[in-house]
Amino acid sequence: MIESFDLTQVNWARAQFALTAMYHWIFVPLTLGLAFLLAFFETIYVRTGLEHWKTITKFWMRLFAVNFAIGVATGIILEFEFGTNWSNYSWMVGDIFGAPLAAEGIFAFFLEATFFAVMFFGWDRVSKRFHLISTWMVAIGSNLSALWILVANGWMQNPVGMAFNPDTARFEMENFWEILFSPVAISKFTHTTSSSFQVAALFVIGISCWFLLKKRHLAVAKRSIVVASVFGLLASGVVAFTGDEGAYTVAQKQPMKLAAIEGIYAGEEGCALCAMGVLNPNMQPGDDDDPYIFAVKLPYVLSILANRDPNSFVPGINDLVYGNPGQGIVGVTDRMDSGKIALDELARYKIARKVGDDQTAEAALALFRQHEDDLGYGFLQKPEEAVPPVALSFYSFRVMVALGTFFPILFIALLFFTMRNKIESQVWLQRLGVLSLFLGYIATQAGWVVAEVGRQPWAIQGLLPVSVARSNLTTATVQTTFFIFLVLFTVLLIAELRIMLKQISIGPEEN
Amino acid sequence: MFHLIKNTALFYRDGFRSMVLGRTLWTIILIKLAVLYLLSQLFFQDYLQNHFSTDAQRADHVISNLTTTHPPSTN
């Protein structure tokens, strides 16, 4: 399926949010991962007492500061957009998001901000040990900040621990721990942070390889490569493990997303995983054609990933849209009917409450509660609207996985040649290392495309489609702010790249 | 206690004074915050805050959107 661009207001709001989030995500993964790498570099310095490790730590800390300064506050723009472009959504989730975002603010402020100053201003002014603790605190604090944001995102993908209040039109929190420890939230946090560690490792490797190509700062570059490769390799193991967990939770909680990621239209038992392939661009929900023009398949693997059982049934888009009674799958068509009952009863409840007809209000509320799990489906006009953009989900997933498979091989190769002191003669590997800096960013952005495009049309899974989550604004208003941000982000990115390149060019201050 | 406050203040003062790269970064941060503040005032008005005066009105508006709107197709 090839997606066409629909330039309605809601799609401009989606584009603006995607632009802001993707720009924000240029800086965040490097902050999360490089903070830990700084802590490792400094730990080696404190344990060995060798000054060159201090030089290394201070150099990467400088680049960390540049990244942090340009990235700081870009997340605030997302919060502006919630209130402006997505006011229905913001109102409805305010009670759920309030606690995690407040916790994020407290952690970010007290841990990061407090120890940040010691990390930058404290060299030779506080004890080595206290400085090291501060660096670790910055690393832990920044990653804990990410936890709360990702818990909020995880809730949108798997809304648990809440109840809808028809009087306030809000999803109200009933169980904080259920939200915090939701399998989707945990899987999202662990996969996102570990993949961010890979990005940071590739950043250090890319710049170190550039030094090797230029025959500058060779000792700093080689030591940095060793630490970053080990860190990246360990992170790769976690990425693979959490990616597997993520696939399982998606299969259980968002089967339509999994079907789109795999381009499966007709579900089957003993389902194969498409390792690589080209989708049939003419395929539409309901078609019986082969969804692939070309595909390399791994038999039974998708059934294992989705259900931990090689012979289990994995539903396709057609099963989920039109239903499959044999497999006990209720289709979107039936859920739309149920959702419309929920909406009708909600309207009846509100009217009854206004006129003081408690008996009718009670009856309407009871019926609403029976159908509220399908609330979001009531807004769909045709069942095919529940299908996310298949091609974008399918190809983004393969880009992410292919790069995620390549990175550990690169880390091992770099570690092997550097430990044998042969890295200086491996120009091809140095060039690959520089290129991989950019590949890390492509992989992490592709991951977010899979996560967010794959859950469309939902702002809150099954409960609120994006088309209802929006504000009542004109298209022109949203278009204007989209282009303002496009210009602002471009200018800021150029500024960052210039400062970053200048600092890399200056290099570490070696004696 | 007084010494602790004084030492902390001096720590920050000396730290800021000795910044080299940090001056450029702080300049960028302050310019960015000013631009964002300006944009938020000009373009980013919280829709529900600005159009309604009470939470009950906001809730009614959202419920009305939920129960009466026929949203455009999203895919």
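All chains are named by letter (A, B, ...) in the order of the sequence lines, taking the proteins before the strands, and each is independently numbered beginning at 1. All figures in this text were calculated on a predicted structure; none of them were measured in a lab.
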Under a 4.5 Å cutoff for heavy-atom pairs, which residue among [options] has the most contacts with chain B?
options	value
A:L375, A:N85, A:V118	A:V118
A:I499, A:T477, A:D167, A:L464	A:I499
A:A169, A:G122, A:P166, A:A65	A:A169

Between [atom1] of [X] and [atom2] of [Y], what distance do you get to the nearest 0.5 Å?
X	Y	atom1	atom2	answer
B:T67	A:D344	OG1	CG	9.5 Å
B:L21	A:I506	CG	CD1	8.0 Å
A:S87	B:N65	OG	CG	7.5 Å
B:I63	A:R170	CD1	CZ	12.0 Å
A:N88	B:R58	CG	CZ	13.0 Å

Around B:R13, counting heavy atoms of other residues, nucleotides and ligands shown, do more than 12 lie under 6.0 Å from its CZ?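 Yes - once you tally the heavy atoms of other residues, nucleotides and ligands closer than 6.0 Å, there are more than 12.
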
Answer yes or no: does atom OH of B:Y12 have more than 12 heavy-atom neighbours from other residues, nucleotides or ligands under 6.0 Å?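 Yes, because the 6.0 Å sphere around OH of B:Y12 holds more than 12 heavy atoms from other groups.
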
Considering only heavy atoms, which portion of [X] lies under 4.5 Å from any heavy atom of chain B: side chain, backbone, both, or neither?
X	result
A:E496	neither
A:I70	both
A:F120	neither
A:K340	neither
A:N165	neither
A:T480	side chain
A:V491	neither
A:L343	both

Considering non-hydrogen atoms only, spot the tightest contact between [X] and [Y] and give its length.
X	Y	value
A:F80	B:L36	CE1-O, 3.8 Å
B:A59	A:T168	CB-O, 3.4 Å
B:V62	A:W91	CG2-CD1, 3.6 Å
B:L25	A:A69	CB-CB, 3.7 Å
A:F379	B:L66	CE2-O, 2.9 Å

Close approach to chain B in residues 345-353 of chain A, criterion heavy atom under 4.5 Å: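 A:L346, A:A347, A:K350, listed by number.
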
Quick one: are B:L39 and A:L488 in side-chain contact, heavy atoms under 4.5 Å?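 Sidechains of A:L488 and B:L39: in contact.
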
Only counting residues at least two apart or in another chain, list the ones meeting salt bridge (Lys or Arg N to Asp or Glu O under 4.0 Å) with A:E452.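 A:E452 satisfies salt bridge (Lys or Arg N to Asp or Glu O under 4.0 Å) with A:R455 once adjacent residues are dropped.
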
Restricting to salt bridge (Lys or Arg N to Asp or Glu O under 4.0 Å), what partner residues turn up for A:R125, sequence neighbours left out?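 Partners of A:R125 by the salt bridge (Lys or Arg N to Asp or Glu O under 4.0 Å) criterion, ordered by chain and then number, come out as B:D14.
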
Once side chain to side chain donor-acceptor pair (under 3.5 Å) is applied, do any residues pair with A:W60, and if so which ones, sequence neighbours excluded?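 By the side chain to side chain donor-acceptor pair (under 3.5 Å) rule, A:W60 matches A:S224.
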
Tell me, side chain or backbone of [X] under 4.5 Å from chain A's heavy atoms, or both, or neither?
X	result
B:I31	neither
B:H51	neither
B:D55	both

